Amino acid sequence: MNTPKKQAEMIKEISGVNPLKCMKCGKCSASCPSYNEMDIKPHQFVSYVQNEDIESLVNSKSLWKCLSCFACVERCPRDVKPGKLIDAARQLVVREKGGDYLMADEIPELLDPELPQQLLVSAFRRYRR
Amino acid sequence: MSIETKEEFRPKIVAFCCNWCSYAGADLAGSSRLSYPADVKIIRVPCSCRVNPMFILRAFEKGADGVILCGCHPGDCHYSTGNYYARRRMTLLFSMLDYIGVENGRTRVEWVSAAEGVKFSTTMNEFVEKVRSLGKNVRLEDLRCRN
Amino acid sequence: MKYSYYPGCTLKTKAVELDAYARASARALGFELEEIENWQCCGGVYPLGTDEIATKLSSVRALNEAKEKGQDLVTLCSACHHVIKRVNDDMKNADDIRTRANNYMQLEEPYAGETTVLHFLEVLRDRIGFDTLKEKVTAPLTGKKIGAYYGCLLLRPSGLLEFDDPENPSIIEDFIRAIGAEPVIYPYRNECCGGYISLKEKEMSKTMCDKIMDSASGFGADMLITACPLCLYNLNKSTCGSRLPVYYFTELLAEALGVKEEVAKA
Amino acid sequence: MQRIGVFVCHCGSNIAATVDVKKVVEMAKMEPGVVHAEDYQYMCSEAGQSKIAEAIKNEKLTGLVVCSCSPRMHETTFRKAAERAGLNPYMVEVANIREHCSWIHKDMEEATKKAVILARAAIAKVNLNASLKPGESLVTKRALVIGGGIAGIQTALDIAEAGYEVDIVEKTPSIGGRMSQLDKTFPTLDCSACILTPKMVEASAHEKINIYTYSEVEKVSGFVGDFTVDIRKKARSVDMDKCTGCGVCQEKCPSKKNSNEFNRGLNTRSAIYTPFAQAIPNVPVIDRENCIKFKTGKCGVCAKVCQAGAIDYEQKDEILTEKYGAIVVATGFDTIKLDNYDEYAYNQSKDVITSLELERIMNAAGPTKGHLERMSDGKAPKNMVFIQCVGSRCADKRGKSYCSKICCMYTAKHAMLIRDKYPDVNVTVFYIDVRTPGKNFDEFYRRAVEEYGVNYIKGQVGKVAPQPNGQLLVQGVDLIDNKQILMEADMVVLATAIEPDPSVRKIATMLTASIDTNNFLTEAHPKLRPVESPTAGIFLSGVCQGPKDIPETVSQAGAAAVKAIGLLAKDKLMTNPCTAKSDELLCNGCSTCENVCPYGAITYEDKEVNDHGIRETRRIAVVNNALCQGCGACTVACPSGAMDLQGFSNRQIIAEVDAICR
Amino acid sequence: MQELINRAKELLADGTVARVLGWKAGDLPYNPEPAYFEKEEDFENFVYNGFCGANLSKYMIEASKLEGKTLVCLKPCDTYSFNQLIKEHRVDREKAYIIGVGCKGKLDIEKIKGMGIKGIESISGAEITDGADTLTIQTLYGEKTCSYADAMLERCHVCKGKEHKIYDELIGESKETKDAERFDSVAAIEAMSPEEKFAFFQKELSKCIRCNACRNVCPACSCRKCVFDSNKFDSSQKANVDSFEEKMFHIIRAFHVAGRCTDCGECSRVCPQGIPLHLFNRKFIKDINEFYGEYQAGEDTDSRGPLTDFTFDDVEPGIVAERG
């Protein structure tokens, strides 16, 4: 297992985000449609990475609640892109062996006749490797 | 010196900077600690229009690998019009150097204001990189060798 | 005028009508959508990681094919548009990604983001012109009060997609006016419907959709239109209460241009 | 041969940490002409300067090279030190080994090598330096103030009180500026008009002050002590001498639906108008774009009702040309456009307003006569939300990178005033930080919280969504409670970033005063010369230099006035001796130099010369040293090299080039 | 020619002019040289034929200092130089009586020799009155002929026109000689790769012996003292092969006359090494035309030269790299 420091570096690298740019205004959390479902809030992602508490981050259910709607990215006044951090943390999880969030055998019961292909495709992209 | 032969090529670069904008921009790059390679040496002139093409050719003749001229942005010249003259002179000079087969990456004009420390530093980084990629300036030195 | 056209997976299956209406309308408006050969699914979601390469290659293939034909690449599905446009930007501006993708692809000539990616709506706005469209409308949808639903994928990040003002867009409203109907402006038209999570977090996406539907119907919309099959599915599936019908914008376009019947017959 | 002394400064550790100063000294000693070299902790200090003076005397130095910070910082210091020790100040050159070397390089060996080369170049130059003597030019004892807001008025009053003539040029129909739009001022809550109007009256009545309203600076030429300025007096269409200010014309004007700029477009005004009741001068102008007479040729109501016969439709713009010794820029600010912030629905709802608009709404002379009401339906609000930092502190392209400085205080003021006058209105402020440095400022803000019960929430707002019922749904975050907040508000007030008035760019160009990336005018030194532009004779007053509140603006206005007075008090100025000089034996008389000189400093004379025994009359270029500013354009234009620039001669620059390329 | 001589004698006799500046026959049939004629008998040697390529404008700088007017014979292209000198206050219009002489193209002896015609004794067909179709050359090896056009100077093939820009009177007929585009030769070099360009100029410039003939003949190089001879730029070490001027002389010279050079072609004509020096000057003229609009130095006496002028939206120097 990588050290927390190394993991934090990985997240920064994968996301291309510099957490030091954050001025902690909270506009990301103010914009987030999934805020109430998240245990770690968008604005906190930055400080978790900065404090190298990656353990909490990768175990956070927020990873799966993010809609990837880029509202936080669009409105951030400091160009920090919190959404990219969340995505990088999710990548860290699904790239690990056994990190898949979606199993093939779960799918049949999730299906319905109108469900568009792209939802399955994107779910595979987002939830497993 | 040993460093030049053994390690990567370190070009000699002369930067002419006008006193009012670009020299101040270079000062700002300095006080903002925005680094650029030590290969760049700055000569202060009152205005970009003070730079005689002969100075640039002289630098090349004495072994410079690149020469860059920085002045106030067009319209912002401390002397109102100096950089407009400089712009024409340098355009023609650079075109002539290009015409005689000297790589056009060795010469550059960039307008840098007193507030553009970042631009000064990025410009210098880019320019040094470009000149490095061109290697040692042999053509201007060799132009007149008898063969 | 001919454009390269990237339909995407869903337009071949659940959203065939989005595709069919678009093609018929294009013909009526005098341009042709030439489906690129051997297109592959874009993956439906843009891989944000800076180290993602393989997941971007299908988009690069499509982009390169358009480049070789010398055509602009038109997309219709919001997700495909988002993914392909962003990959194109990577190929243009991210040296590392461009180098690695080209190394992998071994194209005759390296691809460096030369293709212009246009959403079908952008073709209508920037190439055809909404004024021209208006002139070509034979069956204006007079009296219909329509809410535009943009969602997130078309608008954000705005600096890169350059589609419209991300907080106060107007392209679909202008489209609605051009086909003779009345746009209803409501504040949640650019809020996410939660499409991506609708597979596993159904409750959440329901909350999102309700908010959008309530807002639109509160401002008096009779229906919503969208460009995104995922949004359409999600809005239809996840809402309760003030449920408005949701259509693809191409369906209304075909109707206004008087070509809807011919599609239905085909 | 020169006897050169080289002085290498450590600048504490600023230089010495990256540059091996001892090595620089050692290498400098080997250069031709160098007879003395030493290093010292702080060359600019008293002790450092005495070292220079001693060496000049002991070593009989004829030239100095100081390797230190930028010459823009201390060249004058070292020149003066040399002069005190009996050396011509122009025999001093500075090698910039701090900004251009130690501060940007990390590797000691590399930085030292570069410092040695920079020193070498300076030594090579000094070897060719010649003593120069400054000339003199006369000072026009009159100042121009551009902008008639509180900054401009205060500067003008201070200069006038010192006994000098001042002209104020104001582009709008009245002086008063932004401050005249404000209702109350923090932290004392005194009425803005009550403290501003007396100053406006004082300025207009002052015998030394001349006010040009509805006028703009059109062209500036000349230099410190002797500027020539063209002022465009826009056609007012009303005779200033005849008008009595009765106001009947405005009442009767049939074109009434024109956006009222003074009220930030919240209501309308007539086409003939004075911006506000206390306007100075109290003479209306006709807004020709909206005047029916000017648009259609028919109407003329104002002329009919004017008892004084002051209306003049034929009036034309007038250009005045005036001479000034000093120019003060006081062009002020405006709020930024909010088109990039549609998440706050400013363009979608009339009830989302800027703070400056709220200022007008709260003002008794404003569009609602001072009643707090919604602009959409005139209803009294129950819940108000203030959003801070809208467009300020933004790293992206949408807003401004700087803090607008005044918003925290005025928002506290607004919140307090509203809670005071309408205790049943709930006021919520979303903030990132509350910044209240200043006398009695934090106390003021605390009063808003503690005594007036203003609800301050640390967090930002993500979206303002207008609801079908006319309410505004504010979606924000409380970072302390870690909760997303949804609250309904009747009005939302945006603390909009301020930016320099857009007119300043053109003015700065005319003045050749430098401007930063945010369009704020640059000061000559951020700490030590904060009210002077780097361009001599140009001074900065108020927000044109950077965000400021009223007390700061007034103090800076006074400081700018003092600097201007200091200049006007002189009868003569020493001119820059680094001027062009023509070698009459080489001059062809071809006029090329004359064509490129921006100052008209070169004239041609028929002069008898003795060229190696040949006496003949030749057409020769002559440089007027008082006019020449030393740009050097002529030196390059001159084909024969007859024209050279003193202090930056061809040989000096070539010597530097050679030294660097050696 | 006789008409010209008669008129010159007339003007000398009635005191209108104090001297005549023209060409006198040299020791060979093809090398007439500039000369003053002050007395009736001097005119025995006066010639004006196809070999009178020399531009007499520059001589008027000194002639302007002499007592009385000087009659000067100027070919159409020479009048551009004269105008430019007026603009630069180097000649005095009042001191000149200009006879615009006709021109049917001037000849380049090197071209004739280049055709293998050696041992030349006399040449006919080069008189101003001739048809200028064929040259008949008597040589040690018998009579040879060649087409007049084939023997013309390069500059005449790209002639700016046979109209005199300034004169007091005109004598003699002209004939259009332009049969090539002026900037084609420059464009051909521009089209080369950097390596080819460099090789081309290195080859040409390595022939230079720094005789200064180009500088001495150039009407724009009229400085009292050339920068290469003064100490103003530390650039006056004439003898040193490796010195600054040796490498850069021609570029700097071209830059000094840029915007002032009328493209009279004298530099190339007089170069003993046959270096096509006009290619430098013409490059500047081409650039000036392209960047700042058409400009012909010497077209008039009062317009602003392109290097003492500017517009706010001039091209940036980066154009050179962008153009590729």
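Quick caveat, the model's predicted, so the values are computed rather than measured. So you know, we letter chains A, B, ... as the sequences are listed, proteins then strands, and number each from 1.
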[X] side chain to [Y] backbone, donor-acceptor under 3.5 Å:
X	Y	result
B:K12	D:C661	yes
D:T635	D:D644	no
B:R44	B:Y23	no
D:S640	D:L586	yes

Determine, using ring centers only, whether [Y] and [X] are less than 6.0 Å apart.
X	Y	answer
D:F223	D:Y599	no
B:F127	B:Y36	no
B:W111	B:H73	no

Under 4.5 Å, counting heavy-atom pairs only, tell me which of [options] racks up the most with chain B.
options	answer
D:G647, D:C69, D:P71, D:S221	D:P71
D:N14, D:I117, D:T522	D:I117
D:N518, D:L645, D:L118, D:V596	D:V596
D:G630, D:A121, D:A633	D:A633
D:E75, D:R98, D:R505	D:E75
D:N96, D:I653, D:D516, D:T535	D:I653

Grab the two heavy atoms, one from B:N137 and one from B:D65, that are nearest each other, plus how far apart they are.
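In this case the closest contact between B:N137 and B:D65 is N-OD1, 2.9 Å.
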
Minimal non-hydrogen separation, B:L97 against B:L57, with atom names
CD2-CD2, 3.9 Å

Under 4.5 Å from any heavy atom of chain B - which part of [X]:
X	answer
D:S649	backbone
D:H100	both
D:A111	neither

Highest number of heavy-atom pairs under 4.5 Å with chain D among B:A115, B:C47, B:A38 belongs to B:A38

Chain D: which of B:G30, B:A114, B:G82 shares the most heavy-atom pairs with it under 4.5 Å?
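Greatest number of close heavy-atom pairs with chain D: B:G30.
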
Between [X] and chain D, with a heavy-atom cut-off of 4.5 Å, which part of the residue counts as in contact: side chain, backbone, both or neither?
X	value
B:V67	neither
B:V45	both
B:N19	both
B:A24	both
B:R89	side chain
B:C77	backbone

Look up atom NZ in D:K114 and atom NE2 in D:H105, then write down how far apart they are to the nearest 0.5 Å.
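D:K114 atom NZ to D:H105 atom NE2 measures 3.0 Å (nearest 0.5 Å).
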
Can you tell me how far apart CE (B:M124) and CD (B:E129) are? Round to the nearest 0.5 Å.
14.5 Å

